[in-house]
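Below: one structure, written as structure tokens.
Quantities reported herein were computed from a predicted structural model and do not represent experimental measurements.
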Amino acid sequence: MDFYYFIKNLWKKDFNLIPHSKVKFLSKLLLHLIFGTNLRFYGKRAISKFPIPKKIKIKHDPKKNLILIGTNTGLYIKDSNDFFTCVIENVGGFFGLDHHKGIYYVACNGSAHTKGCIYSFKIKDNEVYDFKIVFKKRFQYFHGLKIFEDNLFLVDSSWLMNHKIIHKFKINNHGLKKISSNHIDVSTKKDLNKFCHINSISFYKDKVYLLFHNMTEYTRINSEVLVFDKNFKFSEKLKFEEDLNSAHDFSISNKGKCILDSNNSILYFNNLKIKLEDYFIRGYIEDKEKLFIGLNLKKKDKKFKTDTSGIAELNKSNHRLSLIRKIKCPFNSINSLLKIDT
């Protein structure tokens with residue numbers, strides 16, 4: 001069934017909206033299906049195995065925060081002394097992160113567009129332990145993950161394949177039980193029919209908010225937040241910020257709205273904003289008076305504009321956002337951040 005939807009959505013794809021010719025992409029697909037190559041980088045092997053780690057020790061001051069970091073190369077924890085511990089590696093990229101009743105769930109999209117999974121584990125007393133794989137899927141591109149009312153919602157959406165799916169799971173004592181896979185279709189809306197690639201999901205007052213990335217760099221279509229009812233029926237386009245370029249991490253609550261205008265390096269927080277010059281920003285945490293933002297290397301003319309990726313620590317007040325410091329990271333391509341409850 002996964003392969004059926006894969007081919008169906010590939011057939012409907014408008015190849016004028018992506019930086020691949022149809023011939024080039026189909027050649028990559030053939031190499032992937034026959035020889036197991038990576039669909040994005042056909043010179044590499046596709047990831048097909050997801051090992052389960054053993055217990056991992058971490059150093060931590062219980063009075064200070066830990067941060068879980070999903071990257072394109074592995075899953076890491078930053079401790080209170082800015083030391084980074086690798087939790088899982090050599091399984092591709094990690095994106096969605098969330099936790100529920102002491103259990104952490106992370107979405108691993110592997111080589112992207114091939115096999116992926118959801119890992120679960122626990123963190124307590126300076127240990128990461130009880131690792132499990134609670135869901136696997138072929139032909140996926142897992143992104144945002146959100147837990148709401150004892151249900152886990154996983155975004156499975158690719159800009160190459162045209163598919164936009166929200167998987168819903170019930171969280172129980174045995175792990176996850178899949179309830180539904182909701183195919184998001186806005187193709188009948190004239191001004192939305194070119195929208196692609198959902199990367200985050202939020203819930204607020206019986207509404208579902210989906211952020212369409214839209215691959216602005218290639219399509220020239222600005223990122224937008226669309227509102228749906230709880231059955232994923234389209235309701236309206238959210239009026240928030242305009243001219244968003246490849247945006248990430250939309251969130252909404254009784255405190256207001258926030259979004260990362262990633263390619264323009266701007267964080268919008270209600271009526272405030274701050275520009276983190278020369279960084280592609282992705283990954284967001286709000287913790288009382290502080291915000292933490294993932295800083296990624298931004299390329300221009302095949303050369304990096306900055307020296308290193310990292311995490312920006314910001315202070316927020318009613319009147320302004322201000323940068324406290326930049327924390328250097330020993331890896332590139334931060335996808336997501338999550339505060340660890342200890």
Look at the side chain of [X] and the backbone N and O of [Y], then say whether any donor-acceptor pair between them is shorter than 3.5 Å.
X	Y	result
Asn81	Phe83	no
Ser180	Asn182	no
His197	Met215	no
Asp229	Asn231	yes
Asp79	Asp82	yes
Arg220	Glu217	yes

Locate the shortest heavy-atom distance separating [X] from [Y]; write the atom from each residue and the value.
X	Y	value
Ser253	Tyr204	C-CE1, 3.5 Å
His167	Ser181	ND1-OG, 2.8 Å
Ser120	Ile103	CB-CG2, 3.9 Å
Lys164	Ile198	CB-CD1, 3.8 Å
Leu323	Ala312	CD1-CB, 3.9 Å
Ser202	Ile252	CB-CG2, 4.1 Å

Strictly by modelled atom types, are [X] and [Y] linked by a side-chain donor-acceptor pair under 3.5 Å?
X	Y	value
Asn72	Asn335	yes
Thr216	Asn214	no
His213	Ser223	no
His143	Asn109	no

Heavy-atom check, side chain of [X] versus side chain of [Y], under 4.5 Å:
X	Y	answer
Asp249	Ser200	no
Leu314	Ile324	no
Asp150	His100	yes
Phe212	Ile221	no
Asn151	Ile171	no

Report the residues that fulfil salt bridge (charged side-chain N to carboxylate O under 4.0 Å, His left out) with Lys122, sequence neighbours left out, ordered by chain and then residue number.
-> Asp130

Ser158 and His163: side chain to side chain donor-acceptor pair (under 3.5 Å), yes or no, with the steps?
-> CA-CA 6 Å; Ser158 167; His163 78 278; 4.7 Å; no

To the nearest 0.5 Å, how far apart are [atom1] in [X] and [atom2] in [Y]?
X	Y	atom1	atom2	answer
Glu313	Arg325	CD	CZ	4.5 Å
Leu152	Ile179	CG	CD1	10.0 Å
Leu244	Glu241	CG	CD	6.5 Å
Ile274	Lys316	CD1	NZ	13.5 Å
Leu154	Phe169	CG	CZ	5.5 Å
Ile259	Ser251	CD1	OG	9.0 Å

Please walk me through it: do Ile77 and Ile340 pass side-chain contact (heavy atoms from CB on, under 4.5 Å)?
-> CA-CA 9 Å; Ile77 290 177; Ile340 296 175; 4.0 Å; yes

Test: Asp156 and Lys137 ion pair at under 4.0 Å | yes

Can Lys230 and Asp206 be counted as an ion pair, charged N to O under 4.0 angstrom?
-> no

Starting from [Y], can I reach [X] by hopping between I/L/V/M/F/W/Y residues whose side chains sit under 4.5 Å apart?
X	Y	result
Tyr284	Phe250	no
Ile88	Ile58	yes
Ile123	Val106	yes
Leu66	Leu97	yes
Ile201	Leu238	no

For the pair Ile165 and Gln140, evaluate side-chain contact (heavy atoms from CB on, under 4.5 Å) and give the outcome as yes or no after the intermediate values.
-> CA-CA 9 Å; Ile165 306 171; Gln140 54 70 46; over 6 Å; no

Ring pair (Phe, Tyr, Trp, His ring centres under 6.0 Å) between Phe142 and Phe95, worked out = CA-CA 7 Å; Phe142 295 155; Phe95 221 102; over 10 Å; no

Would you mind writing out the side-chain donor-acceptor pairs for residues 261-270 within the sub-3.5 Å range, not counting sequence neighbours?
unit_1	atom_1	unit_2	atom_2	d
Asp261	OD1	Asn245	N	2.8
Asp261	OD1	Asn264	ND2	3.3
Asp261	OD2	Asn264	ND2	3.0
Ser262	OG	Ser246	O	3.2
Ser262	OG	His248	ND1	2.8
Ser262	OG	Ile281	O	2.7
Asn263	ND2	Asn245	OD1	3.4
Asn264	ND2	Asp243	O	3.4
Ser265	OG	Tyr279	O	2.5
Ser265	OG	Lys298	NZ	3.3
Asn270	OD1	Lys257	N	2.7
Asn270	ND2	Lys255	O	3.0

Would you say Lys170 has more than 12 foreign heavy atoms packed within less than 6.0 Å of its NZ?
-> yes

Name all residues meeting the side chain to side chain contact (heavy atoms under 4.5 Å, CB included) criterion together with Ile133; count only those two or more places apart in sequence or in a different chain, and write none if there are none.
-> Phe50, Ile52, Cys117, Tyr119, Lys136

Under the side chain to side chain contact (heavy atoms under 4.5 Å, CB included) test, which residues partner Lys237, sequence neighbours left out?
-> Asp191, Leu192, Glu224, Leu226

Evaluation steps, side-chain contact (heavy atoms from CB on, under 4.5 Å), between Glu289 and Asn315 = CA-CA 6 Å; Glu289 288 78 33; Asn315 183 69; 4.1 Å; yes

Output field: ring centroids Phe234/Phe228 closer than 6.0 Å = yes

For the pair Ile118 and Leu176, evaluate side-chain contact (heavy atoms from CB on, under 4.5 Å) and give the outcome as yes or no after the intermediate values.
-> CA-CA 10 Å; Ile118 299 177; Leu176 300 179; 4.0 Å; yes

Residues clustered with Ile69, ILVMFWY side-chain links under 4.5 angstrom = Ile67, Tyr76, Phe84, Ile285, Phe292, Ile311, Ile327, Phe331, Ile334, Leu337

Non-neighbouring partners of His99 that pass side-chain hydrogen bond (donor to acceptor under 3.5 Å, both in side chains), sequence neighbours left out = Asp341

Do the ring planes of Phe232 and Phe153 sit parallel (below 30°), tilted (30 to 60°) or perpendicular (above 60°)?
-> tilted

